[in-house]
Structure formats: C-alpha cells, structure tokens
**Q** 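Here's a structure for you.
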Amino acid sequence: MVDQKEGLSTAESLRKTRSYGQVRCHNPSCMGRLQPQAGVNQVKCPACGMEYRVAWIKSGFPRIRGPVWDVNQRLAEEAFERKMKEERKDGPK
Amino acid sequence: MALNRKIAYIDLSTGKIEIRPIPIDVRRKFLGGRGLDAYLLYNHTKKGCDPLGPDNTLMVSGGILTATLASATARTHVMAKSPLGGLLGSCNMGGFFAPELAWAGFHHLVIKGKAEKPVYLWIHNGKIEIRDARGLWGKTTTETQWAIREELADEDIKSLVIGQAGENKVRIANVMTGIKNSGGRTGMGAVMGSKNLKAIAARGTMDIKIAYPKEALDYNKRFIDQITSAKVNQTQGALGTPFIWGATNSWGGVRCRNFQYNQELYCDEIEPEALDEVCAETMGPYHMAGCFGCQVHCRAKYKIPTGPYAGVYDEGPEYTSQGAFCGEPDCRSIETLLTGNHLVDQWGMDNLETGSLISWAMELYELGILTKKETDGLELTFSNDEALLEMTRRIAFREGWLGNALAEGGIIASEMIGKNSFDYLIQVKGVSNLHSDERATPALALNIATASRGSDHLRSRPAIDLYHLPVEVMRKIYSNPVPYDGPLSSEHTEYIGKPWQVFWHENCYMAVDCLGICKYHTVFLGATLPNFEDWTKVLRYNTGLEFTPREIWDIAERCNMIERLFNLREGLQREDLKKGDMLNHRYFDEPCRRGAPDVVGRVIDREKFKKMVDELYEYKGLDKNGIPKPETLKRLSLENEPAHLV
Ligand code: SF4
Ligand SMILES: [Zn+2]
C-alpha cells in the first residue's frame with residue numbers, strides 16, 4: 001500500500017529551525033548565537049568574551065575553525081583558578 | 001526482492017555450507033543487520049567460549065535495506081564475542097561490501113569453526129566457495145583486495161579483509177574494506193585471524209526487486225534533500241569528520257595526554273581546514289568521496305605530502321585518527337597524522353585503540369610505571385611522533401615486550417604491566433574510549449558507560465545534546481514514537497532528562513544498524529535528520545513491509561535487549577570496572593583543566609551518575625543490577641530465548 005499524499009514527518013517539520021549563517025559560542029553556559037560578518041576570520045562572543053577563528057564552508061556558511069588560543073586559554077586558566085579556590089572554600093561542587 | 005536475501009551458515013572446520021532463507025517473522029522481530037546478528041550471536045555462540053577459539057561465531061551482514069533504492073545503505077556489520085572485553089563484539093563500516101554481498105544473494109553470514117590453513121570465502125550469485133588463502137597471508141589490507149581481484153579476474157569484486165594485525169591475532173585488529181572503511185572496534189579482525197579467515201570476497205549481479213519502485217525513488221529524493229540540506233552534512237561533505245574533532249577540541253571535549261587534559265592546545269596544523277588544504281594540493285579540488293548510495297561524501301582522499309611515505313595515497317583521516325595520532329599523544333604534525341592513519345589502514349588495526357593504548361603507555365612511562373626496559377629502549381614520551389609510529393608498528397607485528405602487551409588490548413596489558421597501571425586505562429568493558437572527554441557532558445558519560453560494545457559513541461550518544469536546542473524542539477524529537485513527558489534540559493552540563501535521551505538514541509541507532517544505513521543520515525549529529533517516522537516509508541516502499549514508528553522502536557528495543565542478554569551471559573555486572581556499566585575513577589576525581597570557562601573544573605558527580613544509570617535501567621526494564629525483569633522479556637517476546645528461530 002502506498003500513501004498518495006505524505007505529510008511532513010517530525011524531522012522534516014523541524015527543518016525550519018535550521019540557522020544558516022550563524023554559529024554558536026562554544027562555552028556551554030553561554031552558547032550564544034554569533035553571526036559573523038561576511039568574510040571575517042575572527043569573531044568574539046559579546047556575552048562571555050571567548051574569541052574564535054572563523055572559516056567559511058561557503059559564502060554565507062561560517063564555522064568556528066578553532067579558538068583564538070591566547071585569549072581563550074587565559075579565560076580557561078582564570079576560571080580554573082577561581083573554581084579551585086571556591087572548591088577549597090566550600091568543598092567539591 | 002530485498003527480503004529474499006539469504007543467511008549462509010559456514011563451518012570452516014568441516015567445510016560445510018548451508019544456505020537458508022530468512023523467515024518473514026524473523027524479519028518482523030529483528031529486521032536485519034546488527035539486530036539479527038545479535039540474535040544469531042546469542043543463539044550460535046557457546047556461553048563462555050574463548051573469543052579467539054573455534055567456538056566463537058562470526059556474523060557478517062548488511063541491513064534489511066541494503067542495496068535497495070534507499071539512501072546510503074552502505075554499512076556492513078560484523079559481530080562476534082569480543083577478544084577485548086570478553087563481551088559483545090561488534091563493528092560497522094561504510095564502503096561497498098554489504099551491497100555487493102546482497103547482490104550476490106546474501107544478507108547474513110554465520111561463520112563457525114576454524115580452517116586448518118588460511119582461507120578466504122568467495123561469494124558470487126548465490127554460491128559460496130572456501131578457497132586457499134596461503135598466498136594472501138602476510139599481505140596488507142589493500143594488497144589482499146587487489147590480489148583477490150587478480151586471482152578471480154574481476155576488478156569489481158568487493159572484499160572484507162584483515163591485515164597482518166588480524167593474522168597476528170592482535171586484539172585490536174580491525175576488518176577493512178576498500179582503502180579506508182574500517183570495522184574498527186572490539187577486535188573483529190583478530191577473530192577472523194583466529195579462524196584463519198583472511199578475507200570474504202563478494203561479487204553479485206542478482207536483481208533486488210523493489211516493492212514500489214516509483215514511490216521509493218520519489219520518496220528518496222525527498223529524503224536526500226532533507227539529508228543534504230542539513231548544515232552538519234554540508235560541513236561533513238566539505239571537511240569530513242575531522243570537523244567534529246576540531247569543534248570538540250575548541251570547547252575542551254577531547255582527550256589529550258591520555259586523560260590528563262581535555263584539549264590539545266595550539267594544534268592549528270591538524271585542523272580540518274589545514275587537512276583540507278593538503279588534500280586539495282595532493283588530489284585536486286574534488287577530493288571528497290562517498291560510500292555506496294550516499295550523497296554526503298564525507299571521505300577525503302589524500303596523498304601523504306612529506307616524510308618516508310610521501311606520495312602514498314589513502315583516504316580519511318577521520319576524527320578518530322586525529323585523536324589517535326594527534327590529540328591523545330599530543331602530537332601536532334600533519335605528516336604523522338596522515339602516515340599513522342595510513343599504517344593502521346594497511347596493517348588492519350583500530351586507529352582509536354592504537355592511539356588510546358599508546359597514549360596510556362606514554363602516561364605510564366611518564367609516571368615511571370613503564371621504563372626503557374619494557375619499551376625496549378624506546379623513549380615513549382608524549383609529543384614524540386617517531387615513538388608513536390614505531391609503537392604502532394610494534395603492536396601490529398607483536399614486536400618487543402610492550403608491543404606484544406599492547407597487542408593484547410588494555411585489560412590484559414594492564415595485568416601484564418601490573419602496579420596501578422589499570423587506574424590510568426580509559427576504557428569501558430575492555431574497549432578504549434573514543435578520544436573524547438565526557439566530564440563536562442553527563443549524557444555522553446552515561447552513553448559510553450552503558451553502551452553494549454563497551455565505550456562507544458555510536459551506540460547511544462545524544463550528540464545533539466551539545467547544540468543547546470530549545471526544549472520545544474527536544475520535546476518534538478524525544479517524545480516520538482514513544483510519548484515522553486518527563487524533564488528535558490537544553491544544558492549539556494546537566495544531568496536532568498539525560499537518561500531518556502540516551503535510551504532514545506540507543507533505540508534510534510539500533511534501528512539504523514538494522515536498516516543498514518549510515519548514522520550521518522539520522523539524529524546523530526543533526527537534529528533535523530530522519531528517524532522512526534521517516535523509516536516507515538522507506539521500509540514500505542522498498543520492501544513492502546508495513547511498520548508503524550512504534551513497531552520499529554519496539555524491534556530496536558528487543559535487539560538491544562538481546563545484546564544485553566548476551567553481555568549478562570558472558571559476565572557483565574553493573575559496577576565491575578572491567579565488565580560493567582562503569583567509568584574509570586578519573587571521570588569522578590580529576591577536574592577538567594582546559595577548554596571553555598564553563599568546562600574547566602568539571603567532573604562527573606558520582607551520586608548523580610548512579611541515579612542516571614538507575615533511571616536508564618528503569619526505561620530499559622532492568623532491575624537495579626541491570627538484569628531484565630521477567631515482564632520486560634515478556635513484553636519484548638524474548639522470554640523463550642535462545643529459541644533458534646534461525
Ligand atoms: S556520510 Fe560518509 S560515512 Fe556515511 S555513508 Fe556517506 S560517505 Fe559514508
Ligand atoms: Zn559566549
């Protein structure tokens with residue numbers, strides 16, 4: 001038996017949620033949507049300060065190529081130090 | 001038609017071959033592929049058998065949709081008892097072998113016993129021959145495939161082969177087809193080697209009748225459009241799976257220096273775009289290839305640009321090779337990455353296990369647990385590219401004390417090395433973890449701890465949990481085809497709602513493996529990709545079989561339970577560090593030191609982890625010890641197993 005008219009499946013109906021042109025900040029608590037300007041090769045998350053190198057799969061389709069190492073490494077070290085101090089004070093989280 | 005493909009039972013000890021149909025009620029219970037293989041394994045393998053002895057049974061299969069008009073039905077599945085953990089062994093690879101096997105008349109092979117001398121199977125248009133493979137023994141995986149084509153004078157033959165590692169019964173040996181399609185996990189190459197089975201060659205021209213060809217083609221167009229329009233698949237098609245390693249490394253979700261760090265710093269030389277440049281330089285702009293019937297084309301082709309193997313052709317590398325030859329041992333050379341990828345492909349070893357075990361040994365060397373005595377003088381330090389490639393060779397050929405020890409896999413090697421070496425081994429059920437670090441992602445930690453074939457991301461990983469999807473979108477996905485109104489959380493650092501996601505993906509991935517299609521065509525890396533509902537249509541148009549989405553879910557649940565029953569029979573116990581649903585203590589005790597600010601400092605909370613396992617067991621119908629309740633077996637019609645239906 002073949003259905004003559006097939007409606008949209010759940011997966012197909014979710015297609016409209018795709019966000020072309022945007023990338024997400026890689027910081028789990030942030031995950032802010034970033035929309036790099038056409039052709040740029042770096043982007044900074046306005047919410048958490050992490051910075052990323054950007055590559056373009058094709059025009060209008062950016063992706064995060066990797067961290068701006070010096071910036072994000074410094075943010076990580078500061079966060080680690082702060083958390084370890086808090087843990088020493090309050091016990092493990 | 002697709003449903004008239006057969007099962008062949010091949011006894012290598014006696015040379016007896018029996019060919020039988022697959023009854024339709026067996027299809028309705030297990031579909032095919034991995035699900036039916038699990039049933040065959042449970043029924044045809046003796047409890048407690050030696051995985052490298054003649055009593056182990058090796059299954060090779062395609063899915064129920066293999067070689068139909070459905071998209072990307074490329075996957076070949078191989079299953080046996082694993083020589084690594086002594087539990088379920090299972091691996092899955094792309095390429096062209098399973099479709100060729102289907103055109104030759106077969107969907108499942110059940111291989112028992114052990115041949116007296118090296119042999120290979122030649123399967124063509126309904127016939128199976130056992131042929132002398134003494135001339136193939138000692139050849140690499142690529143040499144073997146070409147030698148078979150020459151011997152049988154047919155360049156279209158597709159073969160499933162082992163390399164020297166499989167011959168040497170290296171427990172991390174893989175099964176290969178083509179130049180890079182690797183059934184890597186759980187040592188299935190060693191099982192083939194233990195049976196003196198060098199290869200299985202297939203060539204077929206038998207038609208596969210499609211139930212509703214016009215509708216199947218029309219629907220497939222829609223299916224392909226859904227798949228190729230997804231951002232994730234467009235990225236895969238441009239950069240292959242290295243893009244996943246790159247993104248994961250960026251936030252701090254990969255393993256580095258065994259398990260000391262969760263990010264490899266300043267590794268720009270091996271980023272996906274850098275790899276892409278090398279591929280483009282050596283192979284030209286059109287350097288992406290695909291498996292049978294796939295439109296994503298995620299396999300890069302390259303030539304090694306420099307070094308002793310300069311100019312040599314290979315394909316990949318995948319995420320796992322980046323982890324194995326860069327992230328874990330903390331090496332940063334593209335030459336090492338491409339060379340290492342090539343060597344494991346040729347000798348036939350799991351790249352993932354190779355890199356993990358060597359990185360573990362590097363940490364042990366750093367700690368003084370291993371010394372130059374065990375390494376036979378090799379300076380086995382992190383970031384030592386030469387030592388990494390040399391140790392890879394020694395494992396494949398079981399050379400030197402440590403090469404031979406690591407060839408036994410992590411658990412036996414830890415017993416040989418002694419001291420507290422086991423504490424540093426990052427494994428579950430004897431299988432090394434993917435090169436990912438799950439301390440910041442409880443859902444992913446639950447997945448690797450409870451996966452049926454040991455630590456593994458392709459059994460139940462809710463990878464889309466990393467996308468911070470709105471709860472309404474998650475609800476749409478996760479309350480189908482079985483209603484779910486429990487909690488869900490967009491935060492991937494949370495514990496809430498994760499057991500249900502793991503349960504959902506476990507059933508989703510099992511269904512995909514029964515159908516025989518690629519996981520990049522379902523809700524693995526992309527939230528908007530096809531799943532249960534969509535498969536009812538693909539199944540109907542191609543095979544004529546009618547299923548509801550819920551029925552496909554039930555079949556998947558049944559097949560997962562069969563795998564569970566096998567593992568329990570072979571000794572699985574919930575909190576056993578070697579054979580259980582448990583993680584290495586470092587997940588709970590050592591905080592992440594690198595990555596995004598919200599990742600550093602994280603560990604898995606032991607109590608919350610236990611609760612997640614409890615909850616997952618409840619969904620699966622298991623008791624607190626992980627044993628199925630009688631009513632669960634009844635619900636899944638498994639109360640009379642083993643029943644030898646096939
Ligand atoms: S997506 Fe990649 S692995 Fe999957 S079938 Fe296509 S080419 Fe093969
Ligand atoms: Zn941010």
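From a predicted model like this one, the values you see are computed outputs, not experimental measurements. Lettering of chains follows the sequences in order, A, B, ..., and the numbering in each one begins at 1.
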**Q** Who among B:V599, B:N480, B:I477, B:D268 has the most heavy-atom pairs with chain A under 4.5 Å?
**A**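 If we count pairs closer than 4.5 Å to chain A, B:D268 comes out on top.
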**Q** So which of B:P530, B:G252, B:G526, B:A247 has the biggest tally of heavy-atom pairs under 4.5 Å with chain A?
**A**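 Heavy-atom pairs under 4.5 Å are most numerous for B:A247.
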**Q** Taking the side chain as C-beta and beyond, is there a heavy-atom pair between B:P591 and A:M84 under 4.5 Å?
**A**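 Yes. Closest side-chain heavy atoms under 4.5 Å.
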**Q** Would one find more than 12 heavy atoms of other residues, nucleotides or ligands at under 6.0 Å from atom NZ of A:K44?
**A**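 Not buried by this count: 12 neighbours or fewer within 6.0 Å.
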**Q** Evaluate A:W69 against B:L265 for side-chain contact (heavy atoms from CB on, under 4.5 Å), listing each step before the verdict.
**A** CA-CA 7 Å; A:W69 289 111; B:L265 299 172; 3.9 Å; yes
**Q** Write down the atom of A:M50, the atom of B:P597, and the distance for their closest heavy-atom approach.
**A**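 What the structure gives for the nearest pair is SD-CD, 3.3 Å.
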**Q** With a cut-off of 6.0 Å (strictly less than), are more than 12 heavy atoms of other residues, nucleotides or ligands near OH of A:Y20?
**A**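 Yes, the 6.0 Å shell around OH holds more than 12 heavy atoms from other groups.
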**Q** Kindly determine whether A:S9 and B:K537 satisfy side-chain contact (heavy atoms from CB on, under 4.5 Å), including the steps that lead there.
**A** CA-CA 10 Å; A:S9 70; B:K537 298 168 197 163; 4.2 Å; yes
**Q** With a 6.0 Å cut-off (strictly less than), is the heavy-atom count around CD of A:Q35, excluding the residue itself, greater than 12?
**A**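 Above 12, so yes.
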**Q** Write down the atom of A:L8, the atom of B:R222, and the distance for their closest heavy-atom approach.
**A**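 So the minimum-distance heavy-atom pair works out to CA-NH2, 4.2 Å.
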**Q** Can you confirm whether B:L545 is buried at CG, in the sense that more than 12 heavy atoms of other residues, nucleotides or ligands lie under 6.0 Å from that atom?
**A**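 Count over threshold, so yes.
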**Q** Look at B:T441, B:T493, B:D534, B:D218 and state which one has the largest set of heavy-atom pairs under 4.5 Å with chain A.
**A**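 Going by pairs under 4.5 Å, I would pick B:D534.
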**Q** Is a side-chain N or O of B:E273 found less than 3.5 angstrom from the main chain of A:A55, in a donor-acceptor match?
**A**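 Side chain of B:E273 to backbone of A:A55: no pair is present.
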**Q** Does any heavy atom of chain B fall under 4.5 Å from the side chain of A:E12, the backbone, both, or neither of them?
**A**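 When you check distances to chain B, atoms from both the backbone and side chain of A:E12 fall under 4.5 Å.
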**Q** Would you mind checking which part of B:H468 comes under 4.5 Å of any heavy atom in chain A, side chain (CB onward), backbone (N, CA, C, O), both or neither?
**A**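 Backbone plus side chain of B:H468, per the 4.5 Å heavy-atom cut-off to chain A.
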**Q** In terms of heavy-atom pairs under 4.5 Å with chain B, which of A:E77, A:M31, A:R18 leads?
**A**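 Sorted descending by pairs with chain B, the first entry is A:R18.
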**Q** B:V473 and A:L14: which non-hydrogen atoms are nearest, and at how many Å?
**A**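 Distance-wise, the nearest heavy atoms are CG1-CD2, 3.9 Å.
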**Q** Contact part of A:R15 toward chain B, heavy-atom cut-off under 4.5 Å: side chain, backbone, both or neither?
**A**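 Both parts, backbone and side chain.
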**Q** Measure distances from B:A230 to the heavy atoms of chain A and classify the residue's part below 4.5 Å as side chain, backbone, both or neither.
**A**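 Contact with chain A involves both backbone and side-chain atoms of B:A230.
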**Q** Relative to chain A, which of B:Q263, B:R602, B:E491, B:R594 shows the most heavy atom pairs under 4.5 Å?
**A**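 Of B:Q263, B:R602, B:E491, B:R594, B:Q263 has the most heavy-atom pairs under 4.5 Å with chain A.
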**Q** What part of B:D276 lies closer than 4.5 angstrom to a heavy atom of chain A: side chain, backbone, both or neither?
**A**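 Nothing of B:D276, per the 4.5 Å heavy-atom cut-off to chain A.
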**Q** For B:A216, which atoms come within 4.5 Å of any heavy atom of chain A: side chain, backbone, both, or neither?
**A**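 Contact with chain A involves no heavy atom of B:A216 at all.
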**Q** If every non-hydrogen atom of A:F80 is compared with every non-hydrogen atom of B:C592, which pair is closest and at what distance?
**A**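 Closest pair (atom of A:F80, atom of B:C592, distance): CE1-O, 3.3 Å.
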**Q** Sort A:R82 into side chain, backbone, both or neither according to what part of it lies under 4.5 angstrom from a heavy atom of chain B.
**A**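 Neither part, no heavy atoms under 4.5 Å.
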**Q** Among A:L75, A:D70, A:N72, A:I64, who wins on heavy-atom pairs under 4.5 Å with chain B?
**A**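 Top option by heavy-atom pairs under 4.5 Å: A:D70.
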**Q** Using only heavy-atom distances, determine whether the side chains of A:R65 and B:S250 contain a donor-acceptor pair under 3.5 Å.
**A**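 Side chains of A:R65 and B:S250: no pair found under 3.5 Å.
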**Q** Drop me the distance from A:C30's SG to B:W251's CH2, to the nearest 0.5 angstrom.
**A**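 Interatomic distance, A:C30 SG to B:W251 CH2, rounded to 0.5 Å: 14.5 Å.
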**Q** side-chain contact (heavy atoms from CB on, under 4.5 Å) for B:E271 and A:R53? Distances and angles first, verdict last.
**A** CA-CA 11 Å; B:E271 278 172 356; A:R53 288 170 289 124; 2.6 Å; yes
**Q** Evaluate the side-chain contact (heavy atoms from CB on, under 4.5 Å) criterion for residues A:T10 and B:F532: first the C-alpha distance (whole Å), next the side-chain angles of each, then the deciding distance (0.1 Å), finally the verdict.
**A** CA-CA 10 Å; A:T10 310; B:F532 299 92; over 6 Å; no
**Q** Let me know if B:L239 has heavy atoms under 4.5 Å from chain A in its side chain, its backbone, both or neither.
**A**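 B:L239 touches chain A through side-chain heavy atoms alone.
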**Q** Assess whether atom CD of A:E78 is packed by more than 12 heavy atoms of other residues, nucleotides or ligands within 6.0 Å.
**A**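 Count over threshold, so yes.
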**Q** Minimum heavy-atom separation for A:A76 to B:G595, with atom names?
**A**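 Shortest heavy-atom contact: CB-O, 3.1 Å.
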**Q** For B:T235 and A:R63, which I'm curious about, is there any donor-acceptor pair between the side chains at under 3.5 Å?
**A**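 On atom types as modelled, these side chains do not qualify, holding no pair under 3.5 Å.
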**Q** Which bit of A:T17 is near chain B, if near means a heavy-atom gap under 4.5 Å: side chain, backbone, both or neither?
**A**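 The side chain, not the backbone.
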**Q** Give a yes or no on whether the backbone of B:D598 and the side-chain of A:N27 come within a donor-acceptor separation of less than 3.5 Å.
**A**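 Yes, A:N27 side chain to B:D598 backbone: donor-acceptor pair under 3.5 Å.
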**Q** Heavy-atom cut-off 4.5 Å, strictly under: side chain, backbone, both or neither for A:F61 against chain B?
**A**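 The answer is the side chain of A:F61.
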